Protein chains: 2
Amino acid sequence: MISIKEVTKQTGITVRTLRYYDQIGLLHPAGKTEGGHRLYGKKELAKLQEIQFLKTLGFSLQEIKNMLFDHQWDWVSCLQNQLTYIQKEKDKLEEIESTIKGLMNSLTMDGDINLIDMQKLIELYKRNMDQRMEFRNQLFNEDEKELLDLLPNVNSGDPDTLEWVSLLGQLKQHMSKGAQAPEVQRIIRRIHEKQKETFGDNDAFLKKLWEVRKSPEKSQKVGFYPIESDVLEFMEIASEIFLNRKQHD
Amino acid sequence: MISIKEVTKQTGITVRTLRYYDQIGLLHPAGKTEGGHRLYGKKELAKLQEIQFLKTLGFSLQEIKNMLFDHQWDWVSCLQNQLTYIQKEKDKLEEIESTIKGLMNSLTMDGDINLIDMQKLIELYKRNMDQRMEFRNQLFNEDEKELLDLLPNVNSGDPDTLEWVSLLGQLKQHMSKGAQAPEVQRIIRRIHEKQKETFGDNDAFLKKLWEVRKSPEKSQKVGFYPIESDVLEFMEIASEIFLNRKQHD
DNA sequence: ATACAAGATGACGTTACGTCAGTTTCAATC
DNA sequence: GATTGAAACTGACGTAACGTCATCTTGTAT
């Protein structure tokens with residue numbers, strides 16, 4: 001049993017924070033002295049570490065409380081949600097970044113600038129942004145969205161999906177070696193194996209799938225990880241070689 | 001002069017927000033009616049647009065207030081600061097992202113996970129790199145350490161790592177079908193291929209590696225993501241079958 | 001004159017604590 | 001046992017940018 005001050009020494013967590021965690025029921029001390037001073041044990045220290053870690057993942061204290069309290073907690077989907085949330089926040093920041101960079105480019109022309117100039121620039125930028133948004137809305141209709149929803153999602157941590165992602169990623173890495181390279185051909189063979197295991201011989205579906213894949217904008221918008229067109233072309237070439245050789249055997 | 005409702009119609013900014021901006025002195029209405037109802041003019045609408053835009057750049061209302069009031073405002077260095085700030089925030093999110101991805105890679109192994117498992121994983125993650133490096137130094141020599149770096153790093157989302165994770169995850173899924181099942185044998189073949197591609201024919205190293213793998217404690221200390229022992233045993237059995245058949249051909 | 005929409009003000013809630021202020025307890029020393 | 005200084009306690013207010021009531025007043029059409 002150690003005092004609250006000792007806890008802050010060992011963990012760096014402030015006294016105020018510990019009292020707050022006690023208050024909201026996230027972490028109660030193991031006990032109290034007669035006079036009401038908080039006392040913590042090893043179990044509490046371990047829990048504190050967990051709380052700290054989960055906080056670094058961007059969870060709120062309320063969420064953490066639920067996690068640590070509920071022994072049936074669904075960690076997988078919880079992490080999935082958090083990942084997509086974090087990625088969305090990152091996307092927002094990236095857009096801000098590019099907007100600021102654009103503004104700064106405009107500013108570089110005249111080193112000195114006043115409010116009026118800035119107002120003009122801002123108006124100009126607002127217009128461009130609006131236009132971009134309209135473009136996006138025009139690009140996708142309802143049918144397409146339904147189709148895309150049927151496809152596997154990159155963030156679904158399931159092993160099958162993961163291997164798809166990894167195989168295509170490796171393909172890109174080895175592109176410079178040419179379509180006949182043995183590593184490439186081995187990857188292609190694995191791709192064909194998996195296609196059959198997953199979809200059987202449903203060629204129509206496969207065709208649709210790769211067609212959607214070939215449109216970078218569509219893929220991106222749905223949260224699909226993008227496959228560049230050159231990788232897709234490379235895969236088609238390597239596939240032909242693979243199928244030819246197979247027939248030859 | 002238009003009413004506050006009309007402003008919300010035209011800009012989408014809520015009544016509450018407009019009143020708040022009035023309150024903090026960011027944007028006062030052009031005038032008021034006898035009864036005290038706010039009235040806005042064109043200048044105010046323009047200013048609202050500017051406020052909206054600057055908000056999208058991530059500035060606080062206080063900062064925006066300063067900008068719009070100070071005609072000598074130094075936009076250039078202000079934007080530079082904001083840019084570096086945004087980039088730092090993005091870096092933070094990226095670190096969170098990679099941590100979550102790493103955790104999910106570990107989770108892929110066992111589809112179902114409870115609080116205790118999670119606590120172990122968290123402890124594993126809390127351990128810092130130095131400790132891992134020390135332990136690695138004890139177990140492996142210089143050449144082997146280079147090879148170690150080729151091994152999947154749990155935190156990365158790179159394709160090679162993903163395939164290791166996915167292959168082992170699939171292996172677990174198919175365990176019930178027995179070691180001779182064709183799917184299993186195909187996965188094993190792919191594992192052997194990848195081993196050769198990554199480490200060449202350095203059999204001594206491979207032996208050591210799997211030994212470490214088989215000891216949960218050692219694996220943890222080196223920072224490997226955990227593989228359950230039954231999956232490892234299954235893999236060994238399936239591997240033997242695979243190698244026997246290969247010799248037979 | 002009446003009714004109803006629109007507007008005003010004021011207050012509390014939100015997150016995860018930081019920062020006082022005022023009071024009480026602990027542990028060591030005299 | 002008394003004193004004393006450090007440590008701990010509770011309680012309250014502040015933060016950013018509003019959302020969401022509740023209650024009261026004004027504007028306007030009929």
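Please read these numbers as outputs of a predicted model, since none were measured by experiment. Hydrogens, waters and symmetry mates are skipped; everything else that's a heavy atom, side chains included, is used. Letters A, B, ... are given to chains in the order of the sequence lines, protein chains preceding strands, and every chain is numbered from 1.
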- Message: Output the rounded distance in Å from CD1 (A:Ile64) to P (C:dT15).
- Response: 13 Å

- Item | Any A:Lys55 side-chain N or O less than 4.0 Å from OP1/OP2 of C:dC17 | yes

- Do other residues, nucleotides or ligands put more than 12 heavy atoms under 6.0 Å from the CD atom of A:Gln10? yes

- Message: Does anything in residues 8-20 of chain A come within less than 4.0 Å of DNA chain C? Heavy atoms only, and list the residues if so.
- Response: A:Thr14, A:Arg16, A:Thr17, A:Tyr20

- Task: Return yes if a side-chain donor-acceptor contact under 3.5 Å exists between B:Glu6 and B:Ser3, otherwise no.
- Result: no

- Task: Name the closest nucleotide to the A:Leu61 side chain, picking from D:dC9, C:dA16, C:dA8.
- Result: C:dA16

- Considering only side-chain heavy atoms of A:Lys32, which listed nucleotide, D:dA8, D:dT10, D:dG27, is closest? D:dT10

- Message: Classify A:Ile24 by what it touches in the nucleic acid, base, sugar-phosphate, or nothing, heavy-atom distance under 4.0 Å.
- Response: nothing

- Rounded to whole angstrom units, what separation is found between the NE2 atom of B:His37 and the C1' atom of C:dA5? 11 Å

- Is a salt bridge present between A:Lys92 and A:Glu89, judged by a nitrogen-to-oxygen distance below 4.0 Å? yes

- Task: Let me know the distance between NZ of B:Lys5 and C1' of D:dT26, rounded to the nearest Å.
- Result: 15 Å

- Message: Rounding to an integer number of Å, can you tell me how far B:Ile4 CD1 sits from D:dT26 P?
- Response: 17 Å

